Asks: 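Got a structure for you, written out below as structure tokens; questions coming shortly.
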Protein chains: 2
Amino acid sequence: MSSTNVGRITIHDVAAAASVSIATASKALNDTGRMSVETRARIRRVAQELGFRPNALARSLLSKRSFTVGLLTNDTYGRFTLPVMAGISEGLIDHGVSVFLCAIEDNPDLAKLHVDAMLDKQVDGIIATGRRIDKPLPVDLSHLPIPIVYALMTGPADAVALVPDDRQGARDAVNHLFDKGRRRLVHVTGPASFKVVEERTHAFRDALATAGMTPSEAQILTGAWSEQWGREAVEKLWSQENPPDGIFCGNDQIARGVIDALREKDVGVPNDVSVVGFDNWEIVAEQTRPPLTTVDMNLKELGRQAGRALVRLVNGEIVEPGVSKLPCTLVIRGS
Amino acid sequence: MSSTNVGRITIHDVAAAASVSIATASKALNDTGRMSVETRARIRRVAQELGFRPNALARSLLSKRSFTVGLLTNDTYGRFTLPVMAGISEGLIDHGVSVFLCAIEDNPDLAKLHVDAMLDKQVDGIIATGRRIDKPLPVDLSHLPIPIVYALMTGPADAVALVPDDRQGARDAVNHLFDKGRRRLVHVTGPASFKVVEERTHAFRDALATAGMTPSEAQILTGAWSEQWGREAVEKLWSQENPPDGIFCGNDQIARGVIDALREKDVGVPNDVSVVGFDNWEIVAEQTRPPLTTVDMNLKELGRQAGRALVRLVNGEIVEPGVSKLPCTLVIRGS
DNA sequence: AAAGCATGAGAAACCGTTTTCCCAATGGGC
DNA sequence: GCCCATTGGGAAAACGGTTTCTCATGCTTT
């Protein structure tokens, strides 16, 4: 009895049970080779009854495809990364591809450890993602023998990268303020050193210019990504004359601070001032008073597309290199 | 030249370059077998120069150990799960173990798909984690041929599970209020249907009883896990006479609502009322005014320990079954 | 000088699949 | 009745390692 094996049942067991060779069994199960329909059906039935599942390791060894990819991230907090990761996982499992989670802090040694482990385990490709679009991971992936896709992050110039279309999102936000009849707009955002700040600021200026206005530097306030900065910005704006009637915030936390500060000043939102955020961080956006109108970066979809792009690369299909910008969506709530 | 192979270099290449058999090469690299120290050193040097890295797939096929585990989660939002995941990843990479990320929504089919994929890929074990401690995943893991560890979640009675010690954390929180001289305490928490609510409430009552008080039902307010509920609770409490001077909140969002409402009422925190939260969700806790004193569940450490427990199980060591409670830490800030 | 023994290294089996031949039997065409 | 094509199925190599034997060599022992 081969059933004394403690291990899982193999194709040998199936072959034996069906009284055929393992070659025939393999061919029956993979719908290749030539044999009578009866034989094929019988082998399949036996395999089914035994609950046979082929060992992916053995298969990969031969095919040089592990149907496994690595996901490298330096984001342990995960507000942005987790939706991306979920999207990747979702988009790939349909292709039978599994995802190795590699949480590297900002530690180069840890990163190398993970990359080596992945290569040893023969991953077909790697997706790199991180906390910050413009800050590279502490490891160079550009000379690896497998394809790389950057998600929510840009890599070398000729690499495939997917990021949200910050400009379009910001434009939509500003245009929404225009639609509400707001004309005295300001942009309260994060540190100027961030790429996304640059992008959103650029779009802010652009949208104003398109509307026939000449944006001034005083309309753009950079600070921290925090509620506190949002509150401070309101103090500053309302301490000078002619405060704005529309505020586009660089993220939802700032917007939260802005809204709280306005509330404390008895400035009505959205009656006197309209506020738009960025990120659609629901747990914040839904709990502001009023609920925050904000820009959603569709991160899950971004993850899904990153997964698909990587699969195409692995399959040897050509994917246009460079940075692809995925559309953002304005989520209109009460502010 | 065998270097015309597009693939990575194998032990065959090393053996050829060192003019030995692959058996000898293998033994040299694994520090097994017998050979002269010179031979061993030479083979190692050659391997080093060639940048040889053994194919983990081939190795696993033989050893029946893939050094890979699965991580099943139904949490796509990730406030709690992500630190756990990071801890798991960190704790396992040191053992050479990689982690498959499996994001199953609450979808049984998706869950099954992932579990099957993992089994096919010969994972050594699975860690199950999720959004809610008392809500099982939509898939039964109890009859799998590999060990399972539940993290931030409980499984079947005889399963190995790790959860935070909610009672101890809550007790510490209440005792902190006592230390601050507060005596009129209330507990504002989430829906009574949650296990954690039950635990924390129990500890709240217990701590009061230990201090010689007789807790009344009026001191326990259950509602939603939201800022809004925190604000409502304050309205309710301050509309009746003799409002509390210490509030222990079931999570940080509620605490945030409570603090905001008190602020709007011009009730001083921490002068008139002390507030303690739960979760140490830093992005919230650090931005309240004043910063929130709250309970940290040490989730990363929990993840690390879950990883270690699984490794022990995989190694055949015995791990005491049942639910282990890991200590929480009170993080004292300004409230 | 014969026997015994430690040493160093290689041959081959094995893990679980897939795939490329190859072969025996059958049947049809002439 | 002979030849050839087709059909159904199997043997064996391959993937990249590890491990168990086996064996030749040279040294020590009596």
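Throughout, a chain's letter reflects where its sequence line sits, starting with A, and its residues are numbered from 1. All values derive from a computational prediction rather than experimental measurement.
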Asks: Give a yes/no on whether any side-chain N or O of S36(A) is located under 4.0 angstrom from OP1 or OP2 of dG9(D).
Replies: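 Yes, S36(A) has a side-chain N/O under 4.0 Å of OP1/OP2 on dG9(D).
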
Asks: OP1 or OP2 of dG10(D) less than 4.0 angstrom from a side-chain nitrogen or oxygen of S21(A), does that happen here?
Replies: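 S21(A) to dG10(D) OP1/OP2: side-chain N or O found under 4.0 Å.
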
Asks: State the NZ-CZ distance between K195(B) and R132(B), to the nearest 0.5 angstrom.
Replies: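 Spacing of NZ (K195(B)) from CZ (R132(B)) equals 11.5 Å.
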
Asks: Would you kindly give the CG-to-P distance between L62(B) and dT20(D), to the nearest whole Å?
Replies: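 Rounding to the nearest Å, CG of L62(B) and P of dT20(D) are 10 Å apart.
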
Asks: How does each nucleotide of nucleotides 21-26 of chain D score, in 5' to 3' order, for protein heavy atoms under 4.0 Å: base (B), sugar-phosphate only (S), or none (-)?
Replies: ------

Asks: List, one per line, each side-chain donor-acceptor pair under 3.5 Å for residues 308-316 of chain A, sequence neighbours excluded.
Replies:
from: N315(A); atom 1: OD1; to: R65(A); atom 2: NH1; distance (Å): 2.9
from: N315(A); atom 1: ND2; to: V311(A); atom 2: O; distance (Å): 3.4

Asks: For DNA chain D, whose closest nucleotide is more 5', that of T32(B) or that of L61(B)?
Replies: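 Result of the comparison: L61(B).
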
Asks: Could you point out which residue of N298(A), L299(A), L326(A) forms a side chain to side chain contact (heavy atoms under 4.5 Å, CB included) with P164(A)?
Replies: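 Answer after filtering N298(A), L299(A), L326(A): L299(A).
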
Asks: CD1 of I11(A) versus C1' of dG9(D): gap in Å, rounded?
Replies: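 Taking atom C1' of dG9(D) as the reference, CD1 of I11(A) is at 14 Å.
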
Asks: Heavy atoms within less than 4.0 Å of DNA chain D: which residues of residues 41-58 of chain A have one? Give them sorted by number.
Replies: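 Of all residues in residues 41-58 of chain A, none places a heavy atom under 4.0 Å from DNA chain D.
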
Asks: With sequence neighbours left out, which residue pairs that include part of residues 45-54 of chain B fulfil the side chain to side chain donor-acceptor pair (under 3.5 Å) condition?
Replies: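 For residues 45-54 of chain B, and leaving out neighbouring residues, the side chain to side chain donor-acceptor pair (under 3.5 Å) pairs sorted by first residue read D120(A)-R53(B).
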
Asks: Mind checking the CG-OH spacing from L137(B) to Y150(B)? Nearest 0.5 Å is all I need.
Replies: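 Those atoms lie 7.5 Å apart.
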
Asks: Is there a side-chain polar atom (N or O) of S26(B) under 4.0 Å from OP1 or OP2 of dT18(D)?
Replies: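 So the side-chain polar atoms of S26(B) do come within 4.0 Å of the phosphate oxygens OP1 or OP2 of dT18(D), strictly under.
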
Asks: Side-chain donor-acceptor contacts of residues 97-108 of chain B below 3.5 Å, not counting sequence neighbours, with atom names and distances?
Replies:
from: S98(B); atom 1: OG; to: K121(A); atom 2: NZ; distance (Å): 2.8
from: E105(B); atom 1: OE2; to: K300(A); atom 2: NZ; distance (Å): 3.1
from: D106(B); atom 1: OD1; to: N74(B); atom 2: ND2; distance (Å): 3.1
from: D106(B); atom 1: OD2; to: R131(B); atom 2: NH2; distance (Å): 2.8
from: N107(B); atom 1: OD1; to: D109(B); atom 2: N; distance (Å): 2.9
from: N107(B); atom 1: OD1; to: L110(B); atom 2: N; distance (Å): 3.2

Asks: Taking 5' to 3' order, which nucleotide of DNA chain C is first and which is last to have an atom within less than 4.0 Å of a heavy atom in chain B?
Replies: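 So the contact region on DNA chain C extends dT7(C) to dG16(C).
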
Asks: How many Å lie between CD on E38(A) and P on dG8(D), as a whole number?
Replies: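 The answer, rounded to whole Å, is 9 Å.
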
Asks: Once you round to the nearest 0.5 Å, how far does CD1 of I146(B) lie from CD1 of I126(B)?
Replies: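 I146(B) CD1 to I126(B) CD1: 4.0 Å, rounded to 0.5 Å.
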
Asks: Rounded to whole angstrom units, what separation is found between the CD1 atom of I9(B) and the P atom of dG16(D)?
Replies: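 So the two atoms are 12 Å apart, to the nearest Å.
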
Asks: Give the rounded distance in Å between these two atoms: CZ of R65(B) and C1' of dT18(D).
Replies: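 So the two atoms are 16 Å apart, to the nearest Å.
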
Asks: Please determine, by modelled atom types, if S142(B) and D140(B) share a side-chain donor-acceptor pair under 3.5 angstrom.
Replies: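 Side chains of S142(B) and D140(B): pair found under 3.5 Å.
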
Asks: Can you tell me if the side-chain N/O atoms of T39(A) get under 4.0 Å from OP1 or OP2 in dG9(D)?
Replies: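 Yes, such a contact exists.
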
Asks: Going by an N to O cut-off under 4.0 Å, is there a salt bridge joining R8(A) and D13(A)?
Replies: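 Answer for the salt bridge query: no.
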
Asks: Quiz question: by atom type and distance under 3.5 Å, do the side chains of D75(B) and T129(B) form a donor-acceptor pair?
Replies: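 The answer is no; no qualifying pair exists.
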
Asks: Find the distance between OG (S89(B)) and NE2 (H114(A)) and round it off to the nearest 0.5 Å.
Replies: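 Rounded to the nearest 0.5 Å, the OG-NE2 separation comes out at 3.5 Å.
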
